[in-house]
Amino acid sequence: MIPLTDVSWQTQSWQQVLSQGVKTITELNRLLDLDLPEADTGFPMLIPATWLARINPGDPADPLLLQVLPVLAEQLGDTGFVTDPLQESQFTENPGMIRKYQGRVLVIVTGQCAVNCRYCFRRHFPYEDVRPDTRDWDLIAARLTSTTDVHEVILSGGDPLVLNDRHLAGLISRLEAIPHLRTLRIHSRLPVAIPQRVTPALVRTLGETRLKTVLVNHINHANEIDQTVINGMQALRLAGVQLLNQSVLLRGVNDSVQALTNLSHQLWEAGVLPYYLHQLDPVEGAAHFDVPDPQARQLIADVRAKLPGYLVPRLVREIPDRPSKTPL
Ligand SMILES: *Cc1c(COP(=O)(O)O)cnc(C)c1O
Ligand code: SF4
């Protein structure tokens, strides 16, 4: 039995923490002193020790636990909740490359994540079909080179920071060589899920590239941001990385004015600006997280009345076929 006081992860590399994530309810119950039921949902549980450490033991309603805990409700179908809610397959140009909006291209770098979020809109994504290997990068680089109206590349996944520093640096130097690219954006949950991921080598690579760099974090609740997260963000910010955050509005996790204002304050503490608050994508298995639009609008109106404008995220929904995210 691993006692709750086991903090061996504090001295582990991010790769060790990543590979030793908790994958069974039995182990989770033991670590958190809970009695949660098994739920066989087809989307595996994955929780790194660094995330577990921010969950209050003994609290089955903890907002960090609810984001990662498989529950039986995931198996209940709900009309309108489908496997590919954003119809991404229709916008996929090369395997792993999605061009939906003008001027920017999203590249699925890997299907792997540090933590499996139960509401993830790509939980049914056919990563096996699109995982870019070296050859795909040749294709993608060729396509980006010939598409001169693309100025920004968005690395997404899965989680692109699952790639190691050497691999990332190689990839970034390929992108740098494409003259019309100006911005490199990384969408990642790793600097929060496993703060050790912000290595000196990563900070150096992002700081030295000629590309403008943007890290869009994915943080849903203030409790995700502890001192180790703040330290990592500070290192990135000092290297010149623009830090933003996107959240998903989730019933039971952050669907209150208090939770959302606390989140914005804590993001500010970490030097991160709120960017988007997404309405849940209707992905099969996530209906229990849904917050109705009228309630979402009221929440953001109440938040706007309490915070400076720069701490209020844009409430949006992604609707396939639109030229941008749709403000609510
Ligand atoms: C969300 C998204 C983007 C980025 O949109 P921004 O509004 O620039 O943040 C780009 N490509 C795809 C496919 C997306 O889903
Ligand atoms: S980290 Fe992002 S891509 Fe991975 S499971 Fe969570 S929401 Fe989905």
Side-chain angles (χ1 to χ4, degrees), residues 18 21 41 43-48 50-51 64 66-70 74 84-94 96-127 130-131 144 147 150-163 182-194 197 212 214-221 224 242 244-250 253 273-281 283 285-286 289 313-327:
L18 181 69
T41 62
F43 179 49
M45 183 175 90
L46 178 63
I47 313 174
T50 40
W51 183 272
L64 272 62
L66 293 183
Q67 294 180 49
V68 299
L69 177 69
E74 292 180 31
D84 181 10
L86 307 185
Q87 296 171 25
E88 287 193 320
S89 46
Q90 152 191 346
F91 297 97
T92 301
E93 297 201 342
N94 294 325
M97 184 168 150
I98 301 174
R99 183 148 67 114
K100 237 183 184 176
Y101 302 146
Q102 280 180 32
R104 47 224 198 273
V105 155
L106 187 144
V107 179
I108 307 268
V109 175
T110 169
Q112 205 189 334
C113 292
V115 54
N116 282 350
C117 315
R118 308 314 300 175
Y119 54 83
C120 179
F121 74 90
R122 294 207 183 105
R123 58 184 284 165
H124 305 281
F125 196 86
Y127 288 114
V130 302
R131 184 175 301 154
L144 286 171
T147 317
V150 167
H151 304 297
E152 175 171 9
V153 171
I154 302 171
L155 304 183
S156 183
D159 199 313
L161 291 184
V162 163
L163 299 195
R182 287 185 214 128
T183 305
L184 171 74
R185 193 195 316 187
I186 298 177
H187 281 204
S188 175
R189 205 152 167 53
L190 253 162
V192 173
I194 306 179
R197 178 64 193 93
K212 294 259 178 288
V214 183
L215 172 66
V216 180
N217 291 287
H218 175 176
I219 305 172
N220 299 318
H221 194 279
E224 292 172 45
Q242 177 72 56
L244 302 175
N245 183 61
Q246 55 180 346
S247 311
V248 180
L249 186 58
L250 298 167
V253 173
L273 286 175
Y275 179 39
Y276 283 139
L277 175 63
H278 288 272
Q279 265 294 45
L280 185 75
D281 295 311
V283 65
F289 285 117
R314 304 163 179 80
L315 178 66
V316 293
R317 177 187 291 294
E318 180 138 356
I319 303 175
D321 288 333
R322 297 271 176 95
S324 71
K325 318 268 184 233
T326 306

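Read the numbers this way: they start at 1 and go in the same order the structure lists the ligands and their atoms. Heavy atoms only: backbone and side chains are in, while hydrogens, waters and symmetry mates are out.
- Every atom of ligand 2 is numbered from 1 in the order shown, and the set under 4.0 Å from a heavy atom of H218 is 7 (S).
- No hydrogens or angles considered: a donor-acceptor pair under 3.5 Å links the side chains of Q246 and H278.
- Counting only distance, with no hydrogens or angles, the side chain of N245 and the backbone of I219 share a donor-acceptor pair below 3.5 Å.
- With contacts defined as side-chain heavy-atom distances shorter than 4.5 Å, the pair N220/Y119 qualifies.
- Applying the side chain to side chain donor-acceptor pair (under 3.5 Å) criterion to T183, with sequence neighbours excluded, gives no partner residue.
- Inter-residue side-chain proximity for R189 and W51 is flagged as met; some heavy-atom pair is nearer than 4.5 Å.
- With respect to P48, the side chain to side chain contact (heavy atoms under 4.5 Å, CB included) criterion is satisfied by exactly one of V115, L18, V68: V115.
- At least one heavy atom of V115 sits closer than 4.0 Å to an atom of ligand 2.
- Checking each of R182, K212, R104, R185 against E152 for a side-chain hydrogen bond (donor to acceptor under 3.5 Å, both in side chains) leaves exactly one that passes, namely R185.
- Remark: ligand 2 atoms within the under-4.0 Å shell around heavy atoms of G158 are 3 (S).
- Looking only at side-chain heavy atoms (C-beta outward), K325 and R314 stay at 4.5 Å or farther from each other.
- Here C120 fails the criterion, with no N, O or S atom under 2.8 Å of atom 6 (Fe) of ligand 2.
- Taking every heavy atom of R189 and a limit of under 4.0 angstrom, the matching atoms of ligand 2 come to 1 (S).
- Sorted by chain and number, the heavy-atom contacts of ligand 1 below 4.0 Å come from I98, K100, Y101, R104, L106, I154, R185, Y275, Y276, E318, K325.
- Using a 3.5 Å distance cut-off with no hydrogens or angles, the side chains of T147 and R99 do not pair a donor with an acceptor.
- Those atoms of ligand 2 with a heavy atom of C113 less than 4.0 angstrom away are 1 (S), 3 (S), 4 (Fe), 5 (S).
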